[in-house]
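First the proteins, then the strands, lettered A, B, ... as listed; each starts at 1. Keep in mind that what you see is a predicted model, and the values were worked out from it rather than measured.
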Amino acid sequence: MRWSNLFVPTLREAPGDAEAVSHALLVRAGFIRQLHAGHYSLLPLGWRVHNKVAAIVREEMDALGGQEFLLPTMHPASIWKKSGRWDTMGEIMFRLNDRRDNEMALGITHEEIFSTVATELTSYKELPQIWYQIQLKFRDEARPKSGLLRVREFSMKDSYSFDIDSAGLDKAFEAHREAYIRIFDRLKLSAMPVEASSGAMGGNSSVEFMVPCDAGEDDVARCDSCGYSANVEKATSALPAIEDKPGPDQVERFATPDIRTIEQLTTFEGGAEASRQIKTLVMVIDDELTLVILRGDHQLNEQKLLDATGAVAIRQAGADEILSALGARPGSLGPVGVEGLKIIADEALRGRSNMTTGANEDDWHVRGVSIERDVTVSSWADLRQVTSGEQCPLCEAPLRLVRCVEAGHIFKLGTTYAEKFDLSVANAEGAQTPIVMGSYGIGIGRNMATVAETHNDDNGLVWPVSVAPFEVVITTVKNDETSMNAAVSIYEELKRRRVDVVLDDRNARAGVKFADAELVGIPYRITIGPRALKENEVEFTERRSGETSRIGVDQVVDFVTGTVNDAR
RNA sequence: CAGGGUGUAGCUCAGUUUGGUAGAGCAUUCGCUUUGGAAGCGAAAGGUCAAAGGUUCGAGUCCUUUUACCCUGACCA
C-alpha cells in the first residue's frame with residue numbers, strides 16, 4: 001500500500017470532546033470518526049487493526065475447536081420472550097417493529113439464537129460443541145462514552161459451549177480461560193482474570209478479564225500478596241472483629257434534633273462512631289419496598305444486592321414512599337420494630353449488639369440495638385463495597401482497588417438455556433439429558449481501544465506488531481529517482497516476504513511524514529534519505545524506543561523481516 | 001434518569017457580558033521560495049453562527065421551545 005493512496009485524515013489537534021486517550025488518539029491519527037453518540041465509523045487504518053484483533057481471536061478460537069457461524073443481528077421478539085430476557089433486559093435492548101407490526105430486537109448477545117440452532121443437537125455423541133461468531137451487537141447504553149470503549153454498536157466475539165455434563169462445561173470453560181490468556185498476551189494487554197458477578201447474563205460462575213487502565217469503568221480489588229482479585233461487585237474482605245460492650249436490656253430512644261447523617265451522629269453527644277451504627281437504606285427491589293441494613297461506615301454495592309436477591313431492577317425508594325412506609329424521613333430511619341417489610345442485612349452486622357440507629361421518627365434515634373434481639377432480619381447477604389486498604393479475605397494483606405477495563409468475560413451458564421429452549425440430548429443410556437452451556441465474550445473494538453489506551457506516548461500511538469495497521473513504514477525523505485528506486489525495491493521485497501508494509505511516497509516534508517508515522521503508531525520505520533543512501537545504507541527506527549540504527553541496503557529486508565517475525 | 005457543560009469554517013477556538021457588515025490559528029487550493037522533524041511569504045476558497053419560534057429598524061449575541069454532543073453519577077455481559 002502506498003500512503004499517497006491511503007485515506008488517513010490525521011489531525012494536529014484532537015477534537016475537543018475526546019476525553020479518553022485512546023479516543024483522542026484514534027481520532028487524531030485517522031482511525032475512527034464518530035457518527036453519533038456510541039456509533040463510530042472505522043476508517044481504513046481502524047478497520048485494519050480491528051481485523052487483526054479479530055484474526056487473533058479467531059485463531060485462538062479455532063485452536064480450541066471452535067466453529068465459526070454468522071447469525072442474524074435482528075431477532076424476533078419471540079425467542080427473547082422464550083428465554084424471559086425480553087422483559088429482564090429492559091431498556092438496554094433496541095426494539096423495533098417491522099411492517100406487519102411484529103416485534104423485533106437487535107441482538108445484545110446471541111444465547112437465544114445459538115440455543116435455537118442447538119435444538120438440532122440430539123445425541124451425546126454430537127457433544128461437546130463450541131460455536132462462535134464475530135458479529136455486531138447493539139446495546140442502548142444509557143451513556144456511551146470514551147470513544148470505542150463504551151459504544152452502542154460494536155463487534156464482539158461470542159462463543160457458546162454445549163456439553164453433556166458440568167465436567168464438560170468445566171473443560172470448555174478452562175479451555176476458554178486459557179485461550180483468553182493467550183489472546184491478551186498476543187494483544188500485549190496485561191489482563192487479569194478476576195471473579196465477577198454474572199449480572200443479567202444468568203449463570204452461576206463467571207470470570208472477567210480486566211486490564212488496568214484509568215479510562216476503565218470497573219474497580220477490581222486486588223491482593224498483591226496472594227494474587228486474590230475480584231470485581232468489587234463480587235469482592236469481599238476480612239474485617240477485624242468488633243467487640244460490642246454490653247448494652248441495655250432493651251432499646252433506648254433518645255432525641256437527636258436536626259441529626260440527619262451517620263457522620264453527624266458520630267459527634268453528637270450520646271451518639272456513636274459509624275462502625276457502631278446501623279445504616280438503613282430503603283430500596284425498591286422489583287417493586288417491593290425493602291430495608292437494606294449495613295454497618296454505618298459501609299457502602300452498599302447495588303450489584304451485590306441484585307445478585308443476592310435475583311432481582312431484575314433495583315432503585316432507591318423516594319422520600320414519599322419512605323415516609324409512608326416508615327413514618328420518618330431519611331436520616332432518622334432504622335430497622336427496629338419494623339414489621340411487614342423485608343429486611344436484608346449485610347453479613348458485617350451479624351451478631352452485633354449495642355448499636356445505634358434511627359427511630360423511624362424524625363429527630364429521634366435509638367441505641368442499645370441488638371441485631372438478633374431487636375431486628376427481624378429476613379435474609380443475610382454480603383452487600384458491602386470493599387474499600388482500599390481492607391484485608392484480603394484469603395491472606396489478610398491489604399487490598400488495593402484498581403481501575404480496569406473489562407476486556408472479556410466468560411460465564412458458566414449451566415442448564416438455564418437448556419431448560420428454556422428444551423435443549424437435550426439422549427445420553428448413552430438413551431435418557432434425555434439437558435445440555436450444559438457456557439458463554440464467552442470478548443469485545444473486538446473495545447480491545448482495540450484498550451490497546452490504544454495502554455500503548456501510546458507523547459507522539460501518538462505505539463501499536464504492538466501483532467495488531468498494528470502496518471508493521472513497517474518506508475519513509476522517503478526525498479522523492480528523487482535514487483531514493484524512490486531504493487524505496488520501491490525494498491517495499492516490493494518486503495511485500496513478497498509477507499511483511500505488512502506501507503510506502504510513504506507522499507511528496508511532503510520529511511518532518512510531516514515522520515510525525516504522521518509516529519502518530520499512527522507503526523512499529524518500525526525504514527527511512528530512506530540521501531545521507532545514508534550515499535553510503536548505501538538506510539535508517540531503521542523502532543517506534544517504541546525511538547532508537548535509530550543504520551543498516552546496509554542489501555541487508556535491510558532480511559533484518560526487518562526477521563525483526564517483524566520475532567515480534568508477531 | 002439526575003446534575004453540569006458545550007454547539008460559530010474540515011479541526012482547535014475567539015466573538016455572546018453591553019444587539020449594528022462573520023473572525024483567528026491550523027488544514028485546503030494556487031503562486032513563489034523551500035526540502036532530515038508538523039517550513040516561510042503572498043493570494044484564494046471555505047458559514048443556514050445546532051433548529052424553530054419570538055422581541056427589535058436590526059439578533060451569533062436577548063427571550064421561549066426543541067435538539068445534538070461531552071462530563072460526573074445512576075444504569076450497564
Problem - C1' gap between B:C30 and B:A14, integer Å - result: 28 Å
Handout entry: Rounded distance (Å) that lies between atom C1' of B:U35 and atom CD1 of A:I528
Key = 17 Å
Fill in the blank from the handout: Winner on side-chain proximity to A:A142, out of B:A38, B:C75, B:C71, is B:C75
Exercise for the section: Provide the Watson-Crick or G-U wobble partner of B:G23, both distances under 3.5 Å; none if there is no partner. Expected result: B:C13
Practice task
Starting from C1' on B:C76, measure out to NZ on A:K304 and report it in whole angstrom.
Solution key: 18 Å
Handout entry: Whole-angstrom distance between B:C13 and B:C70, as gauged at atom P
Key = 15 Å
Practice task
Classify the side chain of A:E217 and the base of B:G73 as holding, or not holding, a donor-acceptor pair under 3.5 Å.
Solution key: no
Practice task
Using whole Å, report how far CG of A:D214 lies from C1' of B:C71.
Solution key: 16 Å
Completion exercise
Side-chain atoms of A:Q34 come closest, of B:G37, B:C70, B:A38, to B:C70
Exercise for the section: Report which part of the nucleic acid A:R143 touches: base, sugar-phosphate, or nothing (heavy-atom distance under 4.0 Å, all strands). Expected result: base
Exercise for the section: Provide, to the nearest angstrom, the distance between the NZ atom belonging to A:K478 and the P atom belonging to B:U35. Expected result: 7 Å
Exercise for the section: With P as the reference atom in both, quote the distance from B:C49 to B:A43 in angstrom, rounded to an integer. Expected result: 27 Å
Exercise for the section: Using atom CD of A:E141 as one end and atom P of B:C69 as the other, report the distance to the nearest whole Å. Expected result: 14 Å
Problem - Atom-to-atom span, CZ of A:R12 to P of B:G37 - whole angstrom - result: 14 Å
Exercise for the section: Would you kindly give the NE2-to-P distance between A:H36 and B:A68, to the nearest whole Å? Expected result: 11 Å
Completion exercise
pair_partner(B:U29), Watson-Crick or wobble, both distances < 3.5 Å, evaluates to B:A43
Exercise for the section: Return the nearest nucleotide to the side chain of A:L11; candidates are B:C71, B:G36, B:C11. Expected result: B:C11
Practice task
Return the nearest nucleotide to the side chain of A:E302; candidates are B:A39, B:A74, B:G36.
Solution key: B:A74
Exercise for the section: Please measure how far the P atom in B:C32 lies from the corresponding atom in B:A50, and state the result in whole Å. Expected result: 40 Å
Practice task
Would you mind reading off the distance between A:D286 atom CG and B:C75 atom C1', rounded to a whole angstrom?
Solution key: 15 Å
Handout entry: Touch class at under 4.0 angstrom, heavy-atom based, for A:R525 against every strand present
Key = base
